[in-house]
Amino acid sequence: MRIFALFNLKPGVDPQAYLEWARTVDLPTANGLPSVDSFRLFAATGLLGSDATPPYSHIEVLDINDMDQFGRDVATEAMQAVAAAFGEMVDVTFITTQEITA
C-alpha cells in the first residue's frame, strides 16, 4: 500500500519550524515503524507547464508493508503525539492507493 498525504501548512505556522519538526520528529519516527518501508517528505516546487501555484505545498509518500500493523503502529501513544502535532500544523488529505501494472 502506498499512501500520499497532500497538505498545506495552516495559517500562522512557521515553515522553518515545521521543517525542523519534520526532520527531527516526524520522518525518523514514522520511518522507525515496523509497518513502514519508506516515509518521504517533498516540498512542491511548481506545476509542470504552468506558473500557477501548486494546490498543495507538501507531499508525504508512505510505503506500507502491512496495513493491519500500520493501524497498530499509529495507535501507539508516541504516534498519537506525532499525529496530534502534525494536525496542529497542517490541513491534510490522505489518499490510499493500489498500484496498477501492465
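Throughout, numbering of the chain's residues begins at 1 and tracks the sequence. This is a predicted model, so every value here is computed, not measured.
- Cluster membership for Leu41 and Leu33, using ILVMFWY side-chain heavy atoms within less than 4.5 angstrom, is shared.
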Evaluate Leu19 against His58 for side-chain contact (heavy atoms from CB on, under 4.5 Å), listing each step before the verdict.
CA-CA 11 Å; Leu19 288 176; His58 294 83; 4.2 Å; yes

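- Of all heavy-atom pairs between Thr97 and Met1, the closest is O-SD, 3.0 Å.
- Around atom CZ of Arg2, no more than 12 heavy atoms belonging to other residues, nucleotides or ligands sit under 6.0 Å away.
- Residues Asn8 and Pro55 come closest through the heavy atom pair ND2-O, 3.0 Å.
- Between Val82 and Trp21, the closest heavy-atom pair is O-CZ2, 3.7 Å.
- Side chain of Glu60 to backbone of Phe4: no donor-acceptor contact under 3.5 angstrom is found.
- Following chains of ILVMFWY side-chain contacts shorter than 4.5 Å, one cannot reach Met89 starting from Tyr56, and the two form parts of different hydrophobic clusters.
- Under the 4.5 Å side-chain contact rule for hydrophobic residues, Met67 and Met79 share a cluster.
- Of the residues Asp26, Asp63, Thr29, Ile64, the one that meets the side-chain contact (heavy atoms from CB on, under 4.5 Å) test with Phe39 is Asp26.
- Contact record, Lys10 with Gly87: NZ-O, 2.7 Å, taken as the closest heavy-atom pair.
- For the pair Asp66 and Ser35, the tightest heavy-atom approach, listed with the atom from each and the gap, is O-CB, 3.6 Å.
- Two different hydrophobic clusters hold Ile3 and Leu6 under the rule that ILVMFWY side chains link at heavy-atom gaps under 4.5 Å.
- With hydrophobic clusters built from ILVMFWY side chains whose heavy atoms lie under 4.5 angstrom apart, Leu62 does not share a cluster with Ile95.
- In this structure the side chain of Pro34 reaches within 4.5 angstrom of the side chain of Asp73, judged on heavy atoms.
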Checking Phe94 against Phe7 for the side-chain contact (heavy atoms from CB on, under 4.5 Å) test, could you report, in this order, the C-alpha distance in whole Å, the side-chain angles of both residues, the deciding distance, and whether it holds?
CA-CA 9 Å; Phe94 291 99; Phe7 63 93; over 6 Å; no

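- Across all non-hydrogen atoms, the minimal contact from Pro15 to Leu9 is CA-CD1, 3.7 Å.
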